[in-house]
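Whatever order the structure lists ligands and atoms in, that order sets their numbers, starting from 1.
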Amino acid sequence: MHTTSTFIDRLNAAWTTRNSLLCVGLDPDPAKFPAHLSGGPDAIFEFCKAIVDATADLACAFKPQIAYFAARRAEDQLEALIAHIRERHPEVPVILDAKRGDIGSTAEQYAVEAFERYRADAVTVNPYMGRDSIEPYLAWSDRGVILLCRTSNPGGSDLQFLDVGGERLFERVARLAAGEWNHTGQLALVVGATFPAEIARVRELTGDMPLLVPGIGAQGGDVEATVKAGRSSAGSGLMINSSRAILYAGKGEDFAQAARAVALATRDAINRYR
Ligand SMILES: O=C(O)c1cc(=O)[nH]c(=O)n1[C@@H]1O[C@H](COP(=O)(O)O)[C@@H](O)[C@H]1O
């Protein structure tokens, strides 16, 4: 399964074969499920499986957010969902959105959780604790590590915009991630679609590094500005995530088809500006 190719190889292949920079976010909230699914013991799995099967050919990645599963004691459904993606859509990389961050010995356990238990291709990590808190994930040489850099939320500026000796903190993170921290070539960065000027700055600092860009759709980020600011030299380089706008596009029994229609329109809108 995870043999010779790296996360970044698999991502590159998915970008090309699917002609898509759209990452479909899997943030399942049972309160928003269509009536015919609510209450079932495997409702979270069934909901996500339907979305995955309806959108796999349109997606360069899937990004399950672990909190939505853990909050409802549904980690087994997350395992089953990722196993389903591996089996049915093996060419679509899975990013486990867990935003971990801890001392090295604990990070080793988080890496086992993400890469062995859940078999994710990549995991999101908070870089606040520094280089040795990231290093354990890199021991899994065929997986990716996606560091928070300039997050999409308004409060992201509280710390990420602080001046740290002539540059802003997110710029330091970007420079470290593109330089000395990336000795294995496994790193990527998160930059919110709600801040196109900072996407452009991070692109400038990181060459063609892959960027995970959440914030279009429900958070109101602008697709055109995001793509123009973030595209790599090859007109690629982005995993532009949308979760709620796709997941909850429809409320009826045809919810997966409604999700597909939004995913298709979003993929095409992104491609217009590459
Ligand atoms: O790491 C992330 O994925 C992430 C980083 C960030 O800065 N902002 C952000 O919204 N996210 C995640 O991206 C998803 C956005 O969901 P929607 O706003 O519904 O499209 C959620 O799963 C968030 O946890």
Give me the pairs of N or O atoms, one from ligand 1 and one from the protein, that sit under 3.5 Å apart.
| residue | atom | partner | partner atom | Å |
| --- | --- | --- | --- | --- |
| ligand 1 | 1 (O) | Lys99 | NZ | 3.1 |
| ligand 1 | 3 (O) | Lys63 | NZ | 3.0 |
| ligand 1 | 3 (O) | Asp97 | OD2 | 3.1 |
| ligand 1 | 7 (O) | Ser152 | N | 2.8 |
| ligand 1 | 8 (N) | Ser152 | OG | 2.7 |
| ligand 1 | 10 (O) | Ser152 | OG | 3.4 |
| ligand 1 | 10 (O) | Gln219 | NE2 | 2.8 |
| ligand 1 | 13 (O) | Lys63 | NZ | 3.3 |
| ligand 1 | 16 (O) | Ser243 | OG | 3.3 |
| ligand 1 | 18 (O) | Gln219 | NE2 | 2.9 |
| ligand 1 | 18 (O) | Arg244 | NH2 | 2.8 |
| ligand 1 | 19 (O) | Arg244 | N | 2.8 |
| ligand 1 | 19 (O) | Arg244 | NE | 2.6 |
| ligand 1 | 20 (O) | Ser243 | N | 2.9 |
| ligand 1 | 22 (O) | Asp27 | OD2 | 2.6 |
| ligand 1 | 22 (O) | Lys63 | NZ | 3.1 |
| ligand 1 | 24 (O) | Lys99 | NZ | 3.3 |

Pairs where residues 158-186 contributes a residue and the test ring pair (Phe, Tyr, Trp, His ring centres under 6.0 Å) is met, not counting sequence neighbours: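 Every pair satisfying ring pair (Phe, Tyr, Trp, His ring centres under 6.0 Å) with a residue in residues 158-186: Phe161-Phe170.
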
Using 0.5 Å steps for rounding, measure from the SG atom of Cys23 to the CG atom of Leu238.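 One finds 11.5 Å between SG of Cys23 and CG of Leu238.
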
Rounded to the nearest 0.5 Å, what separation is found between the OH atom of Tyr128 and the CG atom of Asp102?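 Separation between the atoms: 13.5 Å.
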
Inspect the surroundings of CZ in Arg72 and state if more than 12 heavy atoms from other residues, nucleotides or ligands are less than 6.0 Å away. yes

In terms of the angle between their ring planes, are Phe115 and Trp140 parallel, tilted or perpendicular, with boundaries placed at 30° and 60°?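 Because their plane-to-plane angle lies in the 30° to 60° range, the rings of Phe115 and Trp140 count as tilted.
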
Using 30° and 60° as the class boundaries, would you call the ring planes of His84 and Phe45 parallel, tilted or perpendicular? perpendicular

